[in-house]
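Note that the coordinates shown come from a computational prediction; the quantities given were computed from them, not determined experimentally.
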Amino acid sequence: MKILADENMPYVQELFGDLGTIETVNGRELTSEQVKDADVLLVRSVTQVNESLLGLNCKLKFVGSATIGTDHIDTDYLASRDIPFSNAPGCNATAVGEFAFIAMLELINRFGGKLRDKTVGIVGAGNTGSAVAKCLEAYDVTVLLHDPVIQGSDPRDFIPLDELIARCDVISLHVPITKTGEHKTWYLFDEVRLNSLQQGTWLLNCCRGEVIDNRALIKIKQVRPDIKVVLDVWEGEPNPMHELIPLVELATPHIAGYSLEGKARGTYMLYQKLMQILGKDADKSMKSLLPALWSAQLDIESIPSEKSLLQLTRFIYDLRDDDELFRKTILDNSSKNAQVNYDNNNGFDLMRKNHKHRREFSALRLVNTGQSDVNWLSNLGFSGVGQ
Ligand SMILES: NC(=O)C1=CN([C@@H]2O[C@H](COP(=O)(O)OP(=O)(O)OC[C@H]3O[C@@H](n4cnc5c(N)ncnc54)[C@H](O)[C@@H]3O)[C@@H](O)[C@H]2O)C=CC1
Ligand SMILES: O=C(O)C(=O)[C@H](O)COP(=O)(O)O
């Protein structure tokens, strides 16, 4: 069996190695010629899987995408050819939740105030949105939800988007990208909606770049410095609009979901699905794949301030490093290329390819050595305390 896998998918050899020959490929540049004799195709979000990619292949048994989003997959085409497909729903939701939570703590550190005093609106209350809410609620932050698709069938309270914009200090976006339908999300935050943001709103986008009209955002940010923006995803990836970058507080190359655990979970979910299709036991364990954190245990006496909470989260993942590297890589390249050449393909993709250092809160075991109650840190995701 020939298994063709994106070179940026970890643990493919460990999980699929027994099943056949593995060939790794650059997912963004994958051609129909490379795919034509594959039995299994494992992709990430950068590969458009459609008739033009699969047209020459008559033997595919499975297509798997180690992602939450499926906007790069022509599922109708796969169904028309009876090719089984699976993505990995929820695989990196914890990573996105922790990323957004850390980003909010970084903004507090930079601009003052207290996260606990903020009201945070989550647009899209599925896996990633709920993971952000879980972190915030563990820390007693007020969370409001907007999700017209599940409203009615989900027991949580939801409010209309305009009300959320009016009531929230922070808005975090967690919707799939959809171009049609009653609840389409393409340019959900268009110029009119961006203009309606309250004074001093913080807007975070960790879902898909095109949920915000990036040109309109540039225009508005130029006259509304009170709005603070965190962007992990960009319209036109891998070529973000360069003039937007300096207007953004925290800028990263679509890595909000890139914890080692999240990536491992994605590959593992595809392994489970393929084994099911092949009628075999999935007898490998995911836990055995993950290395221990360089310092797996920490004594915590108390969390005296939000700064100390930020310091604890930075111990696991310092978002500022990715922000700094992003600006250096994209903007330095652009000045060399005299502002006109927006082709930053390699820089953006290379940062993503090399992003292997981040762990989730759960990788760190906390030991409570003081009198104060720090058990709530387990609800935030850390191991040890309160468990
Ligand atoms: N930056 C990154 O690294 C990552 C980005 N993503 C992106 O985030 C998206 C969301 O991921 P999940 O939360 O796991 O997906 P999900 O499918 O679990 O949840 C998405 C939610 O958005 C809701 N929704 C759809 N249209 C809406 C609208 N117009 N307004 C409000 N809510 C709407 C749906 O009802 C659903 O509850 C993915 O589709 C993917 O594009 C996901 C993982 C990592
Ligand atoms: O899961 C998703 O959806 C995402 O956006 C992923 O985090 C994207 O990662 P890649 O598949 O592009 O590596």
Exercise. Take S259 and E360, measure what side-chain hydrogen bond (donor to acceptor under 3.5 Å, both in side chains) needs, and give me the verdict at the end.
Key: CA-CA 6 Å; S259 63; E360 293 179 2; 2.6 Å; yes

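- A search for side-chain contact (heavy atoms from CB on, under 4.5 Å) contacts involving A79 returns nothing, not counting sequence neighbours.
- The salt bridge (Lys or Arg N to Asp or Glu O under 4.0 Å) check on R352 picks up nothing, with sequence neighbours excluded.
- For the pair P10 and N8, the tightest heavy-atom approach, listed with the atom from each and the gap, is CD-O, 3.5 Å.
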Quiz prompt | Full working for side-chain hydrogen bond (donor to acceptor under 3.5 Å, both in side chains) between H72 and T47 | solution = CA-CA 6 Å; H72 54 300; T47 303; over 6 Å; no

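- In this structure, the side chain of T70 does not engage the main chain of I73 through any donor-acceptor pair within 3.5 Å.
- Residue pairs meeting the side-chain hydrogen bond (donor to acceptor under 3.5 Å, both in side chains) criterion with at least one partner in residues 94-112, sequence neighbours excluded, are E106-R314, R110-E249.
- A donor-acceptor pair under 3.5 Å links the side-chain atoms of N57 to the main chain of A38, judged by distance alone.
- Counting only residues at least two apart or in different chains, ring pair (Phe, Tyr, Trp, His ring centres under 6.0 Å) contacts with residues 178-214 are absent.
- A donor-acceptor pair under 3.5 Å is formed between the side chain of S378 and the backbone N or O of N375.
- Residues E243 and R215 are paired through a salt bridge, judged by an N-O separation under 4.0 Å between the basic side chain and the carboxylate.
- At a threshold of 4.5 Å between side-chain heavy atoms, the hydrophobic network of Ile, Leu, Val, Met, Phe, Trp and Tyr places V230 and Y317 in one connected group.
- The closest donor-acceptor contact from the side chain of N239 to the backbone of M241 lies at 3.5 Å or more, if one exists at all.
- Under the salt bridge (Lys or Arg N to Asp or Glu O under 4.0 Å) criterion, D154 pairs with R156, not counting sequence neighbours.
- Clustering of Ile, Leu, Val, Met, Phe, Trp and Tyr by side-chain heavy atoms under 4.5 Å joins L19 with M1, I3, M9, Y11, V12, L15, F16, I22, V40, L42, F62, L260, Y268, L270, Y271, L274, M275, I277, L278, M286, L289, L290.
- Annotation: ring-ring contact (aromatic ring centres under 6.0 Å, His included) contacts of F85 (sequence neighbours excluded): none.
- Between the side chain of T31 and the main chain of Q34, a donor-acceptor pair closer than 3.5 Å is present.
- Pairs engaging residues 356-387 under the ring pair (Phe, Tyr, Trp, His ring centres under 6.0 Å) rule: Y139-W376, H355-H357, F361-F382 [sequence neighbours left out].
- In this structure, R358 fails the cation-pi test against Y258, since its NZ or CZ atom is not both closer than 6.0 Å to the six-membered ring centre and inside 45 degrees of the ring normal.
- With hydrophobic clusters built from ILVMFWY side chains whose heavy atoms lie under 4.5 angstrom apart, L144 does not share a cluster with F101.
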Exercise. Report the C-alpha distance between S362 and S383 in whole Å, list the side-chain angles of each, state the deciding distance to 0.1 Å, and finish with yes or no for side-chain hydrogen bond (donor to acceptor under 3.5 Å, both in side chains).
Key: CA-CA 5 Å; S362 62; S383 306; 5.2 Å; no

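- Residues forming a side-chain hydrogen bond (donor to acceptor under 3.5 Å, both in side chains) with T201 (at least two apart in sequence, or on another chain): none.
- In the displayed structure, D117 atom CG is contacted under 6.0 Å by more than 12 heavy atoms of other residues, nucleotides or ligands.
- Under a 3.5 Å cut-off, the side chain of D322 and the backbone N or O of T252 do not form any donor-acceptor pair.
- Here the closest heavy-atom approach between residue V120 and residue V141 is recorded as CG2-CG1, 3.8 Å.
- In this structure a side-chain-to-backbone donor-acceptor pair under 3.5 Å is missing from S32 to L54.
- Residues in residues 294-314 take part in these ring pair (Phe, Tyr, Trp, His ring centres under 6.0 Å) pairs, two or more places apart or across chains: W294-F315.
- Between the E51 side chain and the Y77 main chain, no donor and acceptor come within less than 3.5 Å of each other.
- In the displayed structure, D281 atom CG is contacted under 6.0 Å by at most 12 heavy atoms of other residues, nucleotides or ligands.
- In this structure, the side-chain contact (heavy atoms from CB on, under 4.5 Å) partners of N379, at least two apart in sequence or on a different chain, are A138.
- For the pair H146 (side chain) and L161 (backbone), a donor-acceptor distance under 3.5 Å is present.
- Under the rule for a side-chain contact (heavy atoms from CB on, under 4.5 Å), the partners of P160 that lie at least two apart in sequence or sit in another chain are E163.
- Between the side chain of E324 and the backbone N or O of D321 there is no donor-acceptor pair closer than 3.5 Å.
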